[in-house]
A.B. asks: 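Sharing a structure, written as structure tokens. Questions coming.
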2 protein chains.
Amino acid sequence: MRSDAPTAAPPPQGDARERLVAAATDLFGRHGVRGTTVKMVAEQAGVSPALVIHHFGSKEGLRAACDRRLAEQLRAMKTSAMADSPALYIPRASAGMDDSRPLLRYLARVLVDRSPEVDALVDEIVDDAVVYTQQAEDAGWIVPSADRRARVVVLTLWSLGALVLHEQLDRLLGVDLLDEGGDILPYLQTSVEIFTDGLMTPEAAALLTAPEKGSS
Amino acid sequence: MRSDAPTAAPPPQGDARERLVAAATDLFGRHGVRGTTVKMVAEQAGVSPALVIHHFGSKEGLRAACDRRLAEQLRAMKTSAMADSPALYIPRASAGMDDSRPLLRYLARVLVDRSPEVDALVDEIVDDAVVYTQQAEDAGWIVPSADRRARVVVLTLWSLGALVLHEQLDRLLGVDLLDEGGDILPYLQTSVEIFTDGLMTPEAAALLTAPEKGSS
DNA sequence: CGTAGGACTGACTGAACGTTCAGTCAATAG
DNA sequence: CTATTGACTGAACGTTCAGTCAGTCCTACG
């Protein structure tokens, strides 16, 4: 064979099992699980579709394997990041890891098309963020909250939401959260500005939390 | 099985065309476009699959019709809401409209599986939010920003991101953005707290915007 | 009345999909 | 050597799906 590369896939390496999970993560992330066929995955991994079933039992089994690898790798990169704020978790976490693009793209997809593994992973992220936020609060970097966990949940989901909508963010702001070499400063600076200066004046906040009674 | 009501669909009303678009919006939002068959849509609308093609040419044509209706209805409900903050746009907008659940669920899905119509709709939302934010700033409700548009984009995407991840938000905080009678106060209060009190102390912000030079 | 046209359907088709299956090949063990 | 096992494949199978087609029903209009 003379080194055929039909897609823009990296040259296959590792054993077939690893290659399949990597290809599936990439393709699932790009086209969604339903939009990806086992044939596509097999081709990108350089094997036959039948081998996918041989190793993982079914397409769903392959997805489960991707979920496990996602959880594993995300756990590995988590400690280094997140120390600051859960809202900046993703851009900071990804910066610490090579080749995290397909992984994060897969995460973005699978956050919507949920699975038990991903739900558990989100729980973990929130739990960790609670701890780190507590520490940051003790250190005087973060202001206290009326409901610490609720705030972490909201911030985490805003951050993950921005990841899920990374295509829109790229379109509107020119910031690609999945482009490792890319410039995410506009997003970062804007986030930090909101988190330091705040957004609303006290009067406006009063209007919102105690709005007019009854409907319009 | 007698009197089969396979799904919890409302009794069909209106002409077939309207019923089809409504059914498609509902099912596309619930299972994604790819996870919905034209047969499912036809059944929920009480017609035959062939009629879907007759009216819309293709499944993609049906989706385009859903996009058009989404844009139309969202335009109708927009003026009443958003006056406060783009970050609270969705929960406030939906409050002003009956039966907005399927529509917003469809929006949440289609924000990820993009289409030209949806991209244009997002642009519109951002443009409108810029205007309203400007007014709120002039009125003294919102603090100024170094980059007004960038801030609006980030806030809008956080808000839409929370909508896209509404299942996770419901799971983690017990707040269902798509449940019209539901209690979204925990989400609202937390958001307002962040937007008024801020999140980070000035020292922490300084560390983030001017981080260590060079990579690790 | 007749006929033209749109709404609508049941039966069908070709393609694509996940999965099965029989079997090849290479490596390892006895 | 034979036996066994696991990775791996080509060819097929059964199913599902979007889309086609011929034709029926209903309504409007001459």
Side-chain angles (χ1 to χ4, degrees), chain A residues 1-7 9 11-69 106 109-110 113 115, chain B residues 4 6-7 9 11-69 106 109-110 113 115:
Chain A
M1 64 214 84
R2 57 200 70 183
S3 77
D4 55 338
T7 63
Q13 51 183 359
D15 74 344
R17 235 189 123 90
E18 293 171 22
R19 261 161 33 219
L20 278 170
V21 176
T25 298
D26 182 42
L27 291 170
F28 285 167
R30 269 213 279 254
H31 311 110
V33 177
R34 269 200 141 94
T36 303
T37 69
V38 310
K39 188 183 164 201
M40 289 162 67
V41 176
E43 266 176 13
Q44 190 160 119
V47 298
S48 72
L51 190 65
V52 177
I53 308 300
H54 173 70
H55 277 306
F56 304 99
S58 66
K59 185 184 181 181
E60 185 54 37
L62 175 61
R63 195 212 139 129
C66 290
D67 283 349
R68 281 194 300 272
R69 198 182 74 127
Y106 177 73
R109 278 278 179 183
V110 98
D113 292 350
S115 78
Chain B
D4 54 338
T7 63
Q13 52 182 0
D15 74 343
R17 235 189 124 91
E18 293 172 23
R19 265 163 27 220
L20 278 171
V21 175
T25 299
D26 182 43
L27 292 170
F28 284 168
R30 269 215 279 253
H31 311 110
V33 177
R34 268 201 143 95
T36 303
T37 68
V38 311
K39 189 183 163 199
M40 290 162 66
V41 176
E43 266 176 13
Q44 188 160 120
V47 297
S48 72
L51 190 65
V52 176
I53 308 301
H54 173 69
H55 276 305
F56 303 100
S58 68
K59 186 184 180 180
E60 186 54 37
L62 175 59
R63 193 212 141 128
C66 290
D67 283 349
R68 279 194 300 273
R69 200 183 72 128
Y106 177 73
R109 278 279 179 183
V110 98
D113 291 350
S115 77

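No hydrogens, no waters, no symmetry mates; every other heavy atom, side chains included, goes into these values. Below, chain A is the first sequence line, B the second, and so on; all start at residue 1.
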A.B. asks: May I have the step-by-step check of side-chain contact (heavy atoms from CB on, under 4.5 Å) for B:R109 and B:F28, ending in yes or no?
C.D. replies: CA-CA 8 Å; B:R109 278 279 179 183; B:F28 284 168; over 6 Å; no

A.B. asks: For B:D113 and B:R63, which heavy atoms make the closest approach, and how far apart are they?
C.D. replies: O-NH2, 2.9 Å

A.B. asks: Any salt bridge between A:R30 and A:D26, counting N to O under 4.0 Å?
C.D. replies: yes

A.B. asks: What's the shortest heavy-atom distance between A:V33 and A:K59, and which atoms?
C.D. replies: O-NZ, 3.0 Å

A.B. asks: Going by number, which of residues 52-61 of chain B have a non-hydrogen atom under 4.0 Å from DNA chain D?
C.D. replies: B:I53, B:S58, B:K59

A.B. asks: Which pair of non-hydrogen atoms, one from A:V110 and one from A:D67, has the smallest distance, and what is that distance?
C.D. replies: CG2-OD1, 4.0 Å

A.B. asks: Can you give me the closest heavy-atom contact between A:L27 and A:T36, atom names plus distance?
C.D. replies: O-OG1, 3.0 Å

A.B. asks: Determine whether B:R68 and B:V21 satisfy the following criterion, side-chain contact (heavy atoms from CB on, under 4.5 Å), listing intermediate values before the conclusion.
C.D. replies: CA-CA 10 Å; B:R68 279 194 300 273; B:V21 175; over 6 Å; no

A.B. asks: Please find the pair of heavy atoms, one from A:A16 and one from A:V47, that lie closest to each other, and give the distance.
C.D. replies: CB-CG1, 4.2 Å

A.B. asks: Go through the structure and list residues passing side chain to side chain contact (heavy atoms under 4.5 Å, CB included) with B:R34, not counting sequence neighbours.
C.D. replies: A:R34

A.B. asks: Can you name the atoms? Protein N/O to nucleotides 24-28 of chain D N/O, anything below 3.5 Å, with the distance.
C.D. replies:
none

A.B. asks: Please give me the minimum heavy-atom distance between B:T25 and B:C66, naming the atom from each residue.
C.D. replies: OG1-SG, 3.6 Å

A.B. asks: Among residues 33-40 of chain A, which ones have heavy-atom contacts with DNA chain C below 4.0 Å?
C.D. replies: A:T36, A:T37, A:V38

A.B. asks: Go through DNA chain C in 5' to 3' direction and return only the first and the last nucleotide with some atom under 4.0 Å of chain B's heavy atoms.
C.D. replies: C:dA7 to C:dG10

A.B. asks: Using the side chain to side chain contact (heavy atoms under 4.5 Å, CB included) criterion, which residues pair with B:H54? Sequence neighbours excluded.
C.D. replies: B:L51

A.B. asks: Which is it for B:V52 and B:L62 under the side-chain contact (heavy atoms from CB on, under 4.5 Å) test, yes or no, and what are the steps along the way?
C.D. replies: CA-CA 8 Å; B:V52 176; B:L62 175 59; 4.0 Å; yes

